[in-house]
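Below is one structure, written out as structure tokens, with a few remarks after it.
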There are 4 protein chains.
Amino acid sequence: MDDESLVLAEGLVKGSYVRQGGEGYKRRRKLVKSLLSQRRLPAEGWDEKQVELFLAQVALLDTNNFVGHAGAGEREGRVYSDIVRRRHFGMSHGIGRSGDISAHQPKGAGGSLLQSVCHFLAADALRLSGSPSLSSCVVVPMATGMALSMVFMWLRKCRPGATCVFWPRIDQKTCLKAQIYSDLEPVIVPQIKEEDGDAVQSNPEWIRHALMDEDGDFFHRKDHILCILATTACFAPRVPDDIPSLAVIARDAGIPLVVNNAYGVQSATIMKSIERACKIGRVDAVVQSTDKNFMVPVGGAVIASPSAESIEAMSKLYPGRANSAPVVDLMITLLAMGAKGWKEVLNHRSRLLPELKARLSDVANEFGERLLSVDGNDVSIAMTLDTFNHPSAIGSALFHRNITGTRTFVAKAKLPEGRKPTSVGGFQFAEYGSHIDGYPHSYLNVACAIGLEESEMHVFFSRLRKVLQDQRKKEEKETKGGKDRNKDEGEG
Amino acid sequence: MDDESLVLAEGLVKGSYVRQGGEGYKRRRKLVKSLLSQRRLPAEGWDEKQVELFLAQVALLDTNNFVGHAGAGEREGRVYSDIVRRRHFGMSHGIGRSGDISAHQPKGAGGSLLQSVCHFLAADALRLSGSPSLSSCVVVPMATGMALSMVFMWLRKCRPGATCVFWPRIDQKTCLKAQIYSDLEPVIVPQIKEEDGDAVQSNPEWIRHALMDEDGDFFHRKDHILCILATTACFAPRVPDDIPSLAVIARDAGIPLVVNNAYGVQSATIMKSIERACKIGRVDAVVQSTDKNFMVPVGGAVIASPSAESIEAMSKLYPGRANSAPVVDLMITLLAMGAKGWKEVLNHRSRLLPELKARLSDVANEFGERLLSVDGNDVSIAMTLDTFNHPSAIGSALFHRNITGTRTFVAKAKLPEGRKPTSVGGFQFAEYGSHIDGYPHSYLNVACAIGLEESEMHVFFSRLRKVLQDQRKKEEKETKGGKDRNKDEGEG
Amino acid sequence: MDDESLVLAEGLVKGSYVRQGGEGYKRRRKLVKSLLSQRRLPAEGWDEKQVELFLAQVALLDTNNFVGHAGAGEREGRVYSDIVRRRHFGMSHGIGRSGDISAHQPKGAGGSLLQSVCHFLAADALRLSGSPSLSSCVVVPMATGMALSMVFMWLRKCRPGATCVFWPRIDQKTCLKAQIYSDLEPVIVPQIKEEDGDAVQSNPEWIRHALMDEDGDFFHRKDHILCILATTACFAPRVPDDIPSLAVIARDAGIPLVVNNAYGVQSATIMKSIERACKIGRVDAVVQSTDKNFMVPVGGAVIASPSAESIEAMSKLYPGRANSAPVVDLMITLLAMGAKGWKEVLNHRSRLLPELKARLSDVANEFGERLLSVDGNDVSIAMTLDTFNHPSAIGSALFHRNITGTRTFVAKAKLPEGRKPTSVGGFQFAEYGSHIDGYPHSYLNVACAIGLEESEMHVFFSRLRKVLQDQRKKEEKETKGGKDRNKDEGEG
Amino acid sequence: MDDESLVLAEGLVKGSYVRQGGEGYKRRRKLVKSLLSQRRLPAEGWDEKQVELFLAQVALLDTNNFVGHAGAGEREGRVYSDIVRRRHFGMSHGIGRSGDISAHQPKGAGGSLLQSVCHFLAADALRLSGSPSLSSCVVVPMATGMALSMVFMWLRKCRPGATCVFWPRIDQKTCLKAQIYSDLEPVIVPQIKEEDGDAVQSNPEWIRHALMDEDGDFFHRKDHILCILATTACFAPRVPDDIPSLAVIARDAGIPLVVNNAYGVQSATIMKSIERACKIGRVDAVVQSTDKNFMVPVGGAVIASPSAESIEAMSKLYPGRANSAPVVDLMITLLAMGAKGWKEVLNHRSRLLPELKARLSDVANEFGERLLSVDGNDVSIAMTLDTFNHPSAIGSALFHRNITGTRTFVAKAKLPEGRKPTSVGGFQFAEYGSHIDGYPHSYLNVACAIGLEESEMHVFFSRLRKVLQDQRKKEEKETKGGKDRNKDEGEG
């Protein structure tokens with residue numbers, strides 16, 4: 001309804017009521033204007049009506065929603081099912097054009113607009129999380145694995161013939177498989193356990209030395225190296241890689257640095273370290289999951305970079321159009337959050353973290369266990385399970401009590417003899433899960449992830465306690481049974 | 001998105017695409033302007049996106065959707081459940097104000113606008129159906145029964161002390177109960193079966209005579225008479241009352257005429273007879289069901305009248321606010337139909353009627369039955385069931401085969417001895433269903449109602465044939481069994 | 001998906017995952033079973049998915065949703081618009097049948113089930129609010145005014161010839177118009193202002209005496225009296241009528257008592273007084289608004305009674321089917337609340353009340369005003385506006401600042417000379433709004449209504465303060481201007 | 001509602017109605033059982049209610065929808081925005097797991113089930129279109145370009161070191177960019193124009209010879225060849241590649257054959273040729289767009305193969321999870337179509353084709369043009385634009401009249417001198433668009449694509465006629481203007 005329609009409405013409903021209503025309506029219109037002119041998260045999140053109205057209006061810019069449109073091509077955005085049409089708000093052209101995922105579409109001005117909006121909102125969200133240097137980004141309808149692969153394929157064009165990736169080990173399959181998918185050769189940089197603590201981390205200097213000639217010169221070897229692939233957010237006891245140091249090495253060696261920041265946006269510590277890395281060294285691309293950081297369904301990633309050129313080059317490499325759902329999901333979510341809401345979910349997580357640690361520590365102590373001392377990881381926490389014979393039974397019991405997402409690691413000593421190594425994409429790992437061979441503890445991982453509710457945490461702890469008690473009893477019975485059997489045998 | 005936002009969008013998406021999109025968008029805006037300025041059904045029905053956008057925009061005129069609104073009253077349109085909020089498109093103030101169902105609401109300019117739009121669309125739909133004289137109407141969130149009662153309560157204010165209703169009998173409970181609800185006394189005008197046909201109809205002259213003194217003067221008796229209540233659409237063999245003749249009597253006698261036009265809007269014959277009645281006589285109010293004529297869920301009625309004053313007086317009598325769902329449903333539906341779609345559904349019904357009759361006649365003949373010859377009823381058709389012993393078993397068998405809506409009437413001869421009369425609101429009817437006592441045939445009613453699909457009709461006939469065959473076999477077996485038993489007894 | 005389908009799913013997805021999923025699914029099914037077997041509010045509110053699934057499943061019980069259904073009647077639940085179909089969850093048969101709003105529908109088992117569920121949920125909600133005696137109820141798709149009228153029409157059948165209503169005055173139009181609509185004669189029972197406070201209330205004994213002969217006998221006059229119509233929730237300074245005393249009089253006199261409990265369900269004080277009235281006297285029907293108490297859109301009412309027979313008799317009187325939207329809205333909302341949520345919203349309101357009073361008192365004091373001392377009204381509060389010349393300007397300024405729902409009363413002294421009395425349905429009130437003639441104060445009403453948010457309250461107070469300041473300045477300027485003008489004139 | 005709930009419902013609503021409703025309900029349940037047991041398209045398409053109910057039920061198998069679930073991991077399917085949650089039907093875990101896009105998810109049994117269902121429905125749809133041999137498939141949330149790239153990356157693992165692709169030229173950017181993205185080297189197989197017609201096609205034997213040694217032996221060269229990449233559906237005058245012949249060469253040479261069947265599923269001719277190719281030769285993977293063939297929004301592809309092993313290997317290569325929207329869209333659409341609906345849309349297209357050709361031919365003749373004679377292409381049609389000076393103005397005029405999807409090719413003779421070659425991903429094409437250099441005609445492409453409505457076609461032709469008339473007039477004026485100017489000059 002434009003102003004003319006509002007005036008016409010005064011002919012049908014008492015003028016002063018319509019004018020009062022019109023004032024409200026215009027405030028709504030102003031929200032859209034602010035969004036498009038200021039190009040950042042709205043100060044306050046938009047309510048549902050506002051978001052839906054915006055989507056409905058934008059959809060009308062697509063040709064398939066024109067009154068009197070006729071399509072004569074092979075791809076006209078026709079949608080057979082009304083359920084499908086509605087769930088996409090009437091937009092069906094996806095994003096991008098042949099050979100550029102960020103290209104605007106003549107038939108889909110509306111969809112293109114949503115993509116542009118999503119890009120500046122995502123960049124603003126990264127800025128608010130602590131990394132203003134990541135000023136350019138593209139949101140791709142691929143989860144982190146494929147998004148990393150897209151970065152690699154772009155680097156392959158930039159560095160013909162380079163096929164090695166220096167990769168500080170992380171026991172997370174997707175990350176390794178992304179390299180294999182892209183036909184690359186990982187050079188696995190080993191992790192080291194702290195002497196005086198429980199943390200597991202890699203030494204950036206290992207890479208610097210590995211890159212050097214005997215003369216301390218980078219020149220000869222670096223052309224085989226596609227990039228360094230560093231990881232931030234990870235399961236304790238591993239800690240995020242030292243991104244600033246790696247960025248300096250990357251700069252010195254003239255080698256790209258790619259950061260797998262899968263769920264690191266929620267951690268101010270991580271985002272600040274990335275920011276610092278951008279400032280003092282070389283960072284080529286930072287890949288983050290949309291679902292793990294922004295609470296949208298799985299399947300999108302934000303590829304960010306300090307360099308607009310790099311983002312543009314990657315976008316241009318993408319062959320053909322793509323599905324817009326993850327882009328639209330993220331845009332809706334960021335509009336619904338607004339700057340205030342986004343800061344709130346970030347702060348809520350930070351506030352929960354000490355409580356989660358304290359309470360997990362309490363539970364651990366009750367059972368003669370303790371928290372692993374891992375300072376550098378503020379998303380994932382681990383408590384030991386060293387007093388239990390079957391740590392893995394605990395994770396599975398939790399799952400059956402509707403606690404998802406915990407993970408148990410079983411130390412080698414407790415595994416059956418002759419246990420086969422884990423194979424991932426053709427690589428063999430003698431021990432997999434602790435990012436290192438020979439980790440001395442069994443443990444349980446718990447994450448303090450964005451969106452975790454206090455009430456969930458309470459439910460979790462009460463069920464964890466119950467599960468540990470049950471397991472303890474079960475194992476005591478076993479032991480007793482075992483002893484009794486031994487006695488019998490002794491007597492036999 | 002207003003023009004400023006579209007210009008801003010050009011900063012984000014290629015200008016020519018946005019401008020092309022903007023053209024499409026403006027054509028959409030023009031549809032709203034046309035609606036509000038021309039105040040009639042749009043020529044072409046609106047598509048879903050257009051309807052939803054209009055609803056979303058109008059909702060923003062309600063105060064509870066204002067950004068920064070705060071409510072300090074006892075009735076602020078707060079909605080607890082999101083499911084409920086969404087199904088009402090964010091509008092929660094209903095319609096009307098204390099004591100006038102058509103009054104505009106200071107807090108609900110949007111809802112008030114929808115009501116105004118609904119009123120002019122409904123009047124236009126009645127015009128297109130054949131009754132331009134019904135130029136004023138109010139859509140009430142009550143089905144026909146309560147809507148008739150509302151008309152009666154208004155007439156009671158106009159004619160203090162009048163409590164009788166002259167009512168040509170129709171065997172439809174709601175119609176009688178509406179009178180009882182309103183504390184009125186029905187004077188039941190008997191129906192007469194044609195000599196040379198099967199139709200059942202009332203004689204308007206009966207009423208004229210009943211109203212007159214010995215001197216042929218209306219004066220003395222008429223003050224006790226609240227109104228004549230005539231019925232149009234009805235189940236065959238009854239035919240619609242002769243509205244023009246009754247309107248002339250009403251005019252001559254100075255007595256209001258109320259027409260129960262429950263599902264008559266779909267019949268051009270009926271609508272033209274009402275139109276003629278308005279032209280040559282007195283018609284005070286015509287009540288039609290929204291669900292039976294416009295394919296919306298049950299629960300609304302259109303009260304129409306040639307007199308804007310009467311409609312206004314009725315609206316003003318209504319105590320308090322009311323639920324807007326039936327009004328919004330009708331508005332959405334009429335916008336979705338447009339003039340073209342509305343004419344199409346009307347014509348589709350007219351086209352199906354001869355086919356339905358012919359095919360029902362074929363089935364009837366196959367079983368030694370025939371159609372009742374009832375010329376004046378073009379909605380309901382009846383085939384005899386005189387060769388069956390248990391006609392009512394047929395309706396029930398159809399229901400179990402997912403054929404709903406047929407109705408069987410069983411002639412007195414086939415009913416068990418000592419069958420009790422039917423009691424409706426305290427009135428006793430020796431025989432109920434054929435609108436008359438002593439109707440000679442058993443029969444099955446089928447309606448050619450708006451929205452009936454050809455495919456449904458085919459399904460109906462194939463199952464009807466099956467049901468009649470089964471019943472025939474069953475009855476033959478019974479008869480045979482009976483004879484055999486008789487034989488046995490004879491032999492005994 | 002039934003158990004067989006879950007087993008089949010195991011052929012498609014890893015069995016243990018499906019079984020785990022199936023466990024979750026079965027817990028959902030159990031919720032429905034509990035609802036239908038225990039017939040009260042679920043302990044915890046249902047989430048959206050659960051409510052929507054229940055609605056979707058129930059809808060499948062309606063014949064128009066049968067696979068292979070064909071309709072041969074005049075009323076087949078056909079819906080033209082998909083938007084309309086979806087907003088009604090695929091149910092289109094409304095509620096009730098000809099002549100009984102609670103009758104089950106052969107074509108609409110699903111809709112009938114929702115109505116039954118709504119009835120027991122509503123009764124349970126009334127029980128939790130403090131009135132277990134109101135054990136029977138019917139939810140009607142009419143707001144309180146029409147619902148009261150429905151109660152009156154039923155009483156007219158019970159008490160033929162009785163046309164007077166004893167009605168303690170309340171200046172609320174709907175309540176009076178409901179009587180007029182039903183063709184009744186109000187006997188207005190006057191309100192009296194407390195000597196030592198600000199409250200306005202009626203004296204039950206006035207009614208007792210008015211009903212008696214000189215001999216102290218009820219017999220002769222009572223047959224003209226249809227009922228006593230008492231009001232609970234109302235705008236301060238009026239307080240709820242003394243329902244227990246009136247119930248005793250009603251019992252003694254053998255006259256029905258109808259309680260207009262429009263927004264009283266949210267007040268434990270009111271609900272307990274109704275409960276006590278049911279216990280010690282006669283209460284025939286209690287009518288409450290669905291929107292004002294349960295946060296649903298306008299247009300429904302709960303008619304409750306200690307007598308199942310009375311509710312059944314009223315339901316049976318209703319002529320024809322009715323719109324189900326208000327019933328479904330209420331059912332959804334009560335399921336979404338659950339017992340816990342319903343108690344929470346009630347408690348939240350109780351907790352806000354003292355704060356609202358304290359803060360309003362603070363604002364009042366700042367401007368030399370005070371709260372009216374009205375103990376018996378715990379929903380509506382009033383602060384005086386005696387130091388302002390134009391109290392009504394304040395309400396209107398608030399409305400323009402998006403504060404809705406306040407109401408200003410202007411004392412006679414401040415009104416212009418020769419102000420006409422207010423006419424409602426033909427009745428004249430010299431002063432209207434304070435429920436009494438000659439109330440000495442001007443005042444502003446604010447409600448502590450269910451659903452009020454703390455944040456709204458803060459917004460309200462900050463804008464109220466601003467509005468009062470502006471008005472004060474404006475009036476001071478006027479006065480000064482007036483004085484200056486006077487001076488000029490003096491000099492002239 | 002399970003059977004127990006239905007029985008409980010009988011306690012609330014008349015038993016016979018509930019039982020009748022329950023029958024309807026059970027027929028619905030049977031549809032789900034049939035789907036999961038028969039694993040093919042339902043005979044009749046499901047209605048909206050059925051699809052939505054299935055989605056709602058399946059969603060309950062995901063852990064995030066469990067009552068009483070608590071998440072302790074970094075990825076718990078939390079969704080911030082209700083709009084987003086609803087559009088994904090409450091499912092948020094996407095598809096696949098780390099390193100296998102078809103792996104089932106412990107947390108997302110529901111989503112996994114939808115994916116399985118989608119796979120068998122898609123395979124069945126391909127079967128019904130004419131290629132039963134394509135019995136295995138994976139639906140990926142990537143459009144054809146990225147899906148082709150995924151096939152290439154898989155082949156790279158199978159054929160280490162092979163980097164060349166034999167690619168019969170098609171002037172469609174995505175197809176070439178997919179090769180570049182995957183770091184491959186296209187060997188462009190030239191197209192040849194027919195002598196006696198207008199068609200443009202490649203000669204399979206060219207490839208056979210190119211692959212052979214001087215001795216007619218494939219052995220030495222083939223290891224450099226990753227695959228042959230053939231194209232089916234394309235813009236006239238190009239015709240689909242001869243897939244059966246290429247499949248035989250592929251088999252003989254031991255080289256994979258990949259078919260880019262972007263919008264070929266809608267053509268029975270193409271699908272049968274693929275089927276024959278599978279029968280007589282080697283076909284490794286056939287990639288088809290979901291949006292172009294199944295009328296869903298852009299962004300999905302079906303990768304099909306006669307070999308279940310190949311599909312499994314590709315799925316296993318995919319790094320990480322993926323977005324499920326395209327999978328769910330396709331599943332919904334195929335359920336909504338059913339076998340009957342799918343055949344209907346295919347047949348509808350076949351029926352429109354001759355009419356579209358005839359009418360386009362009529363228009364062409366009116367303007368002295370003709371259809372290009374291209375027998376082998378039954379999706380794209382072309383009419384010459386040889387009598388126009390500015391053919392490209394015609395496409396652009398159509399776009400401004402809301403006709404999208406036509407494409408104009410301008411013959412070299414009409415291009416300005418010194419026109420630069422077209423560059424795609426670093427490759428230069430002297431002339432781009434006609435798949436060949438030196439095509440003698442300018443022409444306009446029109447597609448007879450699935451989902452084209454008759455009414456659209458009429459609109460298209462009436463506007464095309466108008467556009468051609470306008471352009472003709474404009475050019476005549478220009479010519480005249482030119483002549484006049486020349487005359488003036490001559491006179492000067």
Side-chain angles (χ1 to χ4, degrees), chain C residues 1-6 8-9 11-14 16-25 27-29 31-33 35-37 39 44 47-50 52-54 56-63 65-69 82 85-86 90 104-110 112-113 115-117 120, chain D residues 1-6 8-9 11-14 16-25 27-29 31-33 35-37 39 44 47-50 52-54 56-63 65-69 82 85-86 90 104-110 112-113 115-117 120:
Chain C
M1 292 185 94
D2 53 11
D3 297 338
E4 285 176 68
S5 288
L6 286 171
L8 287 166
L12 292 159
V13 173
K14 202 176 155 182
S16 62
Y17 302 167
V18 172
R19 279 189 298 274
Q20 173 85 346
E23 286 308 303
Y25 190 76
R27 270 191 296 279
R28 295 275 183 178
R29 287 207 304 226
L31 292 177
V32 174
K33 262 178 258 176
L35 175 75
L36 299 181
S37 61
R39 300 188 188 175
E44 296 265 339
D47 62 11
E48 258 198 30
K49 282 210 81 69
Q50 183 66 36
E52 288 182 333
L53 184 69
F54 180 61
Q57 290 174 324
V58 167
L60 296 183
L61 302 177
D62 282 8
T63 55
N65 292 321
F66 283 11
V67 176
H69 166 256
D82 279 341
R85 176 183 296 110
R86 285 195 304 268
H104 303 147
Q105 302 188 332
K107 291 183 195 171
S112 300
L113 181 60
Q115 191 185 16
S116 295
V117 170
F120 68 64
Chain D
M1 293 184 93
D2 52 11
D3 297 338
E4 285 177 68
S5 288
L6 286 171
L8 286 166
L12 292 159
V13 173
K14 202 176 156 183
S16 62
Y17 302 167
V18 172
R19 279 189 298 275
Q20 172 86 347
E23 286 308 304
Y25 190 76
R27 268 190 298 279
R28 295 275 183 178
R29 287 208 303 226
L31 292 177
V32 174
K33 263 178 257 176
L35 176 75
L36 299 181
S37 60
R39 301 188 189 175
E44 296 264 340
D47 62 11
E48 258 198 30
K49 281 210 82 68
Q50 183 65 36
E52 288 182 334
L53 185 68
F54 180 62
Q57 290 174 325
V58 167
L60 296 183
L61 302 177
D62 282 7
T63 55
N65 292 321
F66 283 11
V67 176
H69 166 256
D82 279 341
R85 176 183 295 111
R86 285 195 303 267
H104 302 147
Q105 303 187 332
K107 291 183 195 171
S112 300
L113 181 60
Q115 191 185 18
S116 295
V117 170
F120 68 65

**OP:** Using the test side-chain hydrogen bond (donor to acceptor under 3.5 Å, both in side chains), find all partners of D:His69 that sit at least two apart in sequence or belong to another chain.
**Re:** A:Thr404

**OP:** Side chain from CB out, backbone as N, CA, C, O: work out which of these in D:Leu6 comes under 4.5 Å of a heavy atom of chain C, or both, or neither.
**Re:** side chain

Original post:
Between C:Arg85, C:Gln20, C:Lys49, which has the largest tally of heavy atom pairs under 4.5 Å with chain D?
Top reply: C:Lys49

Original post:
When heavy-atom pairs shorter than 4.5 Å are enumerated against chain C, which of D:Gln115, D:Arg39, D:Glu23 gives the highest number?
Top reply: D:Arg39

**OP:** Could you check which of C:Val117, C:Leu113, C:Val18 has the highest count of heavy-atom pairs closer than 4.5 Å to chain D?
**Re:** C:Leu113

**OP:** Using a 4.5 Å cut-off on heavy atoms from C-beta on, say whether the side chain of D:Leu8 contacts that of C:Val32.
**Re:** no

**OP:** Against chain D, label C:Arg86 side chain, backbone, both or neither, depending on which of its atoms sit under 4.5 Å from a heavy atom there.
**Re:** side chain

Subject >> Most chain C-contacting option - heavy-atom pairs closer than 4.5 Å, from D:Asp62, D:Asp82, D:Val67 >> reply: D:Val67

Subject >> Heavy-atom pairs under 4.5 Å with chain C, option from D:Arg28, D:Arg29, D:Lys14 with the top count >> reply: D:Arg28

Subject >> Shortest non-hydrogen contact from C:Tyr17 toward D:Ala109 >> reply: O-CB, 3.5 Å

Subject >> Non-hydrogen atoms of D:Val13 and C:Ser116 that approach each other most closely >> reply: CG2-OG, 3.9 Å

Subject >> Nearest atoms (heavy-atom pairs only) where C:Ser5 meets D:Leu36 >> reply: O-CD1, 3.4 Å

**OP:** Look at D:Gly90, D:Gly11, D:Gly22, D:Gly68 and state which one has the largest set of heavy-atom pairs under 4.5 Å with chain C.
**Re:** D:Gly11

Subject >> For C:Glu4, all residues meeting side-chain hydrogen bond (donor to acceptor under 3.5 Å, both in side chains), sequence neighbours excluded >> reply: D:Lys33

Subject >> Separation between OH of D:Tyr25 and CD of C:Gln57, rounded to the nearest 0.5 Å >> reply: 3.5 Å

Subject >> Toward chain C, the part of D:Glu48 with a non-hydrogen atom under 4.5 Å >> reply: side chain

Original post:
Looking at D:Arg27, D:Gln50, D:Lys107, D:Glu44, which makes the most heavy-atom pairs under 4.5 Å with chain C?
Top reply: D:Arg27

Subject >> chain C contacts, top residue of D:Thr63, D:Leu61, D:Leu12 (heavy-atom pairs, under 4.5 Å) >> reply: D:Leu12

**OP:** Identify which of C:Ser37, C:Ala56, C:Pro106, C:Ala9 forms the greatest number of heavy-atom pairs closer than 4.5 Å to chain D.
**Re:** C:Pro106

